[in-house]
Structures are given as structure tokens and as C-alpha cells.
J.: 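Just passing along the structure, written as C-alpha cells.
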Amino acid sequence: MAVTGLLMLLFLIVHMLGNLKIFFGRTDFDHYAHWLRTIGNPVLHESWYLWIQRFVLVVAVVLHAVSAYQLSRRDLKARPTKYSHHQRAKAGYATHIMRYGGITLALFIVYHILDFTTLTLNRHGVDGAAYDNIVSSFSVWWVTAIYIAAMICLGLHIQHGFWSAAQTLGYNRPSRDRAFKGAATGLAVLLTVGFLIVPVSVLAGLVD
Amino acid sequence: MKLTLRIWRQAGPAEPGRMVAYEVPDANPDMSFLELLDVLNERLTLEGEDPVTFDHDCREGICGSCGVVINGQAHGPRALTTTCQLHVRSFSDGDVIDIEPWRSVAFGVLKDLMVDRSGLDRIIQAGGYISAPTGSAPEAHSTPVPKPIADSAFDNATCIGCGACVAACPNGSAMLFTSAKVAHLNSLPQGAPERASRVLNLVEAMDAEGFGGCTNTGECTNACPKGIPMDSIATLNREYLRASLGRK
Ligand code: HEM
Ligand code: SF4
Ligand code: FES
């Protein structure tokens, strides 16, 4: 869970930063989107790097989801009886919502790929015209609403997940605990805000 | 003080159970929580009813046998306090108090509030020990231990094996209990010979007992009467990785 989670997190940071290139305008952004297909050239053939990255990410998502499923099944089996007096949880909302947030993210990932990779659901849907494809989706308020909801789930997932991974991998120590918790919250806010700037700017008419 | 106790009654391991309400009209605020149950039981006995079964021994917070869930909290509302060390004055006149046994598949209810915690003993048998010659105690200064390590080992050694961590964990995981043994024994020179096998065997025994997996919710630490910290769990994971990778 921890290794695949951190792998996805690394991708998301790069992905978020790349998205911000949209503020440099259509030409710059479309050029960037095209460049992504040429990474590794000429050692690798056109788009090969992209396919390798896609393969690694799919493996990460699948392994993460399978471990989450197995862990959840084991945990539900270990504690089938609830207390009749409701337990007052100490854990925060982010910790509490990991499973449902994770499932929401899985559904979102499918939707997101249909929107911008396969362009199946995209209103503009022109291959290579990344900028216009993005603007066409986020001009619709409920598409932006879906992205807002999903990115809040993402932020919560990372807020617990990053610190939890530091525990799982044994990196956490009393002297580092505050730093890891702070980094988790920092990363969560950075990614949520960083990703959401784009759809919100489009909807607000700042990018068109 | 007048209190209403709603207590889980269950005649035996395979019997169905239910919450039953009892009035205790004459509770003294200075009683311990277990004395409150004693007072109720004396009355039930006089009335010819079956007294409430609950585990207890030392009544001074060191044996770990007295745990019950009080109003949804393992060992009740006071932090760092076992059920036996909790006083009735922590409640108010007229309160309704729910008392339930630890809930976890690995802890079967034996009767009423008493559960079978022998799973924790089997974890200890798998690795919660060191190999040392018996007989006269060795000279303490012959094996120097740095003060911070001695302190942290001692803190982890204060675990009383009560099982509150398992009871509080939404996953029924015994990770905090097990990690306290690893953080205690693996950090000391006396525990070094079994450093790798200890953590592997402890985790294997923990899994075999049907405890759940840890998702770092932190409910265990919160409930623990001895304040065993979450970083003991990070230590267990670190030791486990080290042992699995075969590093000495
Ligand atoms: C496919 C969709 C996803 C599902 C179903 C899912 C589900 C889960 C579940 C159930 C857990 C463990 C629960 C817990 O610790 O309380 C978890 C942990 C975690 N997730 Fe996800 N998640 C998904 C996507 C992601 C993504 C996109 C990231 C990238 C940032 C991520 C990062 C993490 C991390 C770092 C952990 C902590 C691992 C650990 O404690 O060892 N997850 N996830
Ligand atoms: S770790 Fe704390 S809660 Fe768990 S058994 Fe030990 S003393 Fe009890
Ligand atoms: S009776 Fe021994 S710890 Fe409570």
C-alpha cells in the first residue's frame, strides 16, 4: 500500500505541476502535451516512455486497490461486532474516510481517463488540442464540481496516507513525527489546490 | 449517586447476549469502577440472580485483566487509566453507563464482560522473551545501555497486556501490543540475539490469532492505559523490514 501509494503520489506532484503550464497559454501548453509523447526520444520510439509510465501507474493502482481490498476484508472480519454505545473516535476525518475516499478516487480515475486521455466524454475531443479539450470540460459547472469533490477526497487520502506510509515503512520516529504530519498536510493542500486552480480558473473565465 | 448501568449479559461463549439495565441507587463517588460492579453483584447475589462476571486481579492498574468498554471507550473516559483505577466520581449523578466486553474476533466472550485474551499470551510465547541464563541476576553495569534507549525500552515494557488497543481499534488489530514487545526487547543488548526472529515470529503469531491489520488509525494509543505510542508501531515495521530483508 505504502510503496504503490507513494509512487502514485510522486506522479501526481509532477502531473499537477505540468497542468499549471496551462497559464502560459494555448501554444505553450499544447507543445508541452506533445512533448510528453516524445520523452525518451530518440532512444525510445514515439510515446514509448508514456506507455511505460502508464503501465507502471496501472500496476500501482491495481496493486494498491487489491491490497486495500484484502486489508479491508481482513479488518472487517477481525472486528465484526460494533459496540452498542457508539465509539467516540479519536482519529480524524481523513483517517476515517480512507476506504470510501479510495473508492471515489478509483471511479474518478476512470472518469478522468475517459475525459482527457481517450476523449470519449470530452466535448471538444480533438487529439493534440489539450488546451481546448480542457477548457471545454471545465466550462461545464458540474464537471468542475466533480473534480472539486475528487480532489478534496485526494487531499484527505494523502493527509492520512503519507503519514501512514511513513509509519508502515518504519521511517517515522518521535523526532520526525511532526515533520511527517506537517508534510502530509502540506502535500495534501498543495495537490488539492494545485490541481483545482485549473478547473476553477476555466470556470471563472480566467482561462479560455 | 444514582447510576444506571447497562451491562452486556451473556451466559457462555456460544450463547446469545444482550444489554441489561441495572439501577445502582447508592453509588459512592469514591468507589472504584470495579467496586461499583461489586456492589451491584452483592445485591444480585442476595436476590438470587447471576452476578455479572468480569475479570480483575490487582486492582491497581498493573495486571491488565480488568478491561471493559465503558460508554464506547476502552477502560472508560479517563486517559491513561485502567478500569480498576477509574473512580465513580468521573461520572455524574443520574448517568446511564454502558458497559461492554472487548470486541474482537480474537477475543471471544467467555461470560458477560470476561473475554478470552489468551491470544496475547500466544503472541508473547512466540517471541516476547530473551534468552538469558537463570539463576543469580547479572551485574547491572556489565551491559551498559544508553539512557534514551533504556527509557524508551522501559516505556514500552510498561504494557500490561490488557488488550484495550485491540478493543479500541476499528480493525481489531493487536499491532500496538505486539509493537511494544518489539520496541522493548529489540532495542536492548539483552534482546539482540533474537532480534530478527523475534519480530518475524511475533507478527506471524499475531496474524495467526485472527487480529486485524493496522491502518494507523491511532485509536489504540488513545485507549492505552500505559500510553504506548504510535512510534512503537513504526519501530515494529522498521524491525520487520530489516529482518525480512535479512539485514543483521
Ligand atoms: C484506486 C483508488 C484507491 C483506493 C481504492 C485506495 C484505497 C486505500 C486504502 C483502503 C488504504 C488503506 C487504508 C488506511 O490506511 O486507512 C490506502 C492507503 C494509502 N493510499 Fe490509497 N487508494 C486509492 C488511490 C490512491 C492514490 C491515487 C494515492 C496517491 C496519492 C494513494 C495513496 C495512499 C497512501 C500513501 C496510503 C497509505 C499506505 C500505508 O499506510 O502504508 N491512494 N488507500
Ligand atoms: S499496548 Fe496498551 S492497550 Fe495494548 S495491551 Fe499493552 S497496555 Fe494494554
Ligand atoms: S485489575 Fe489489574 S489492571 Fe485492573
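In what follows, every chain begins at residue 1, and chains take the letters A, B, ... in the order their sequences are listed.
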J.: Please flag which part of B:Ala167 lies under 4.5 Å from any non-hydrogen atom of chain A: side chain, backbone, both or neither.
T.: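 Looking at B:Ala167, backbone and side chain both touch chain A.
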
J.: So which of B:Ala106, B:Gly172, B:Gly213 has the biggest tally of heavy-atom pairs under 4.5 Å with chain A?
T.: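 Ranked by heavy-atom pairs under 4.5 Å with chain A, first place is B:Gly213.
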
J.: Could you list the residues that satisfy side chain to side chain contact (heavy atoms under 4.5 Å, CB included) with A:Leu50, not counting sequence neighbours?
T.: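 For A:Leu50, the residues satisfying side chain to side chain contact (heavy atoms under 4.5 Å, CB included) (neighbours in sequence not counted) are A:Arg37, A:Arg54.
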
J.: Looking at A:His85, A:Lys77, A:Arg173, which has the largest count of heavy-atom pairs under 4.5 Å with chain B?
T.: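 It is A:His85.
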
J.: Among B:Thr215, B:Asn216, B:Thr217, find the one that has a side-chain hydrogen bond (donor to acceptor under 3.5 Å, both in side chains) with A:Ser164.
T.: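 By the side-chain hydrogen bond (donor to acceptor under 3.5 Å, both in side chains) criterion, A:Ser164 pairs with just one of B:Thr215, B:Asn216, B:Thr217: B:Asn216.
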
J.: So, does A:Tyr83 use its side chain to make a donor-acceptor pair with the main chain of B:Arg103 at under 3.5 Å?
T.: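 It does hold such a pair.
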
J.: Tell me if the CZ atom of B:Arg9 is crowded by more than 12 foreign heavy atoms within 6.0 Å.
T.: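 Count over threshold, so yes.
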
J.: Could you state the interatomic distance from CH2 (B:Trp8) to OG1 (A:Thr81), rounded to the nearest 0.5 Å?
T.: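 Rounded to the nearest 0.5 Å, the CH2-OG1 separation comes out at 7.5 Å.
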
J.: Report the distance from atom CZ of B:Phe211 to atom CZ of A:Arg79, rounding to the nearest 0.5 Å.
T.: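 That separation rounds to 12.5 Å.
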
J.: Distance from B:Arg238 atom CZ to A:Thr168 atom OG1, nearest 0.5 Å?
T.: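 Atom-to-atom, B:Arg238:CZ and A:Thr168:OG1 are 12.5 Å apart.
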
J.: Chain A contacts: which residues in residues 224-234 of chain B have a non-hydrogen atom closer than 4.5 Å to it?
T.: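 Those residues of residues 224-234 of chain B which have a heavy atom under 4.5 Å from chain A are B:Met230, B:Asp231, B:Ile233, B:Ala234.
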
J.: Checking A:Asn172 against chain B: side chain, backbone, both or neither under 4.5 Å from a heavy atom?
T.: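 A:Asn172 touches chain B through backbone and side-chain heavy atoms alike.
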
J.: In this structure, are over 12 heavy atoms from other groups packed under 6.0 Å from B:Glu204 atom CD?
T.: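 Check fails, neighbour count at 12 or below.
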
J.: Within a reach of under 6.0 Å around CZ of B:Arg6, are more than 12 heavy atoms found that belong to other residues, nucleotides or ligands?
T.: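 Atom CZ in B:Arg6 is not packed in, count stays at 12 or less.
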
J.: May I ask you to name which of A:His86, A:Lys90, A:Gln87 has the most heavy-atom pairs under 4.5 Å with chain B?
T.: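 So the answer, after comparing A:His86, A:Lys90, A:Gln87, is A:Lys90.
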
J.: Are there more than 12 heavy atoms of other residues, nucleotides or ligands under 6.0 Å from atom CZ of A:Phe11?
T.: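 More than 12 within 6.0 Å, yes.
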
J.: What's the shortest heavy-atom distance between B:Gly210 and A:Ala78, and which atoms?
T.: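 The answer is O-CB, 3.6 Å.
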
J.: Examine whether an atom of B:Ser104 lies under 4.5 Å from a heavy atom of chain A, and if so say whether it belongs to the side chain, the backbone or both; otherwise answer neither.
T.: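 Both backbone and side chain.
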
J.: Answer yes or no: are there more than 12 heavy-atom neighbours, outside A:Phe23 itself, under 6.0 Å from its atom CZ?
T.: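 It does: A:Phe23 CZ has more than 12 such atoms within range.
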
J.: Among B:Gly212, B:Pro101, B:Ala168, which has the most heavy-atom pairs under 4.5 Å with chain A?
T.: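 It is B:Gly212.
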
J.: I need the A:Gln167 CD to B:Ser179 OG distance, nearest 0.5 Å.
T.: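 A:Gln167 atom CD to B:Ser179 atom OG measures 9.0 Å (nearest 0.5 Å).
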
J.: Looking at chain B, which one of A:Pro80, A:Ala91, A:Ser84 has the largest number of heavy-atom pairs inside 4.5 Å, strictly under?
T.: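 Sorted descending by pairs with chain B, the first entry is A:Ser84.
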
J.: Using the test side chain to side chain donor-acceptor pair (under 3.5 Å), find all partners of A:Gln53 that sit at least two apart in sequence or belong to another chain.
T.: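 Counting only residues at least two positions away or on another chain, A:Gln53 forms a side chain to side chain donor-acceptor pair (under 3.5 Å) with A:Tyr49.
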
J.: Using heavy-atom distances under 4.5 Å, tell me whether B:Ala223 contacts chain A through its side chain, its backbone, both, or neither.
T.: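 Interface part for B:Ala223: neither.
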
J.: For atom CZ of A:Arg73, is the number of surrounding heavy atoms from other residues, nucleotides or ligands below 6.0 Å larger than 12?
T.: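 Open: at most 12 neighbouring heavy atoms sit under 6.0 Å from CZ of A:Arg73.
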
J.: CG of A:Asp127: more than 12 outside heavy atoms within 6.0 angstrom?
T.: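 12 or below, so no.
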
J.: State which residues pass side chain to side chain donor-acceptor pair (under 3.5 Å) with B:Ser197; sequence neighbours excluded, sorted by chain then number.
T.: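 Listed in chain order: nothing, the list is empty.
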
J.: If you count heavy-atom pairs under 4.5 Å with chain A, which of B:Asp207, B:Val166, B:Ile70, B:Thr235 comes out on top?
T.: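 Option with the greatest count: B:Asp207.
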
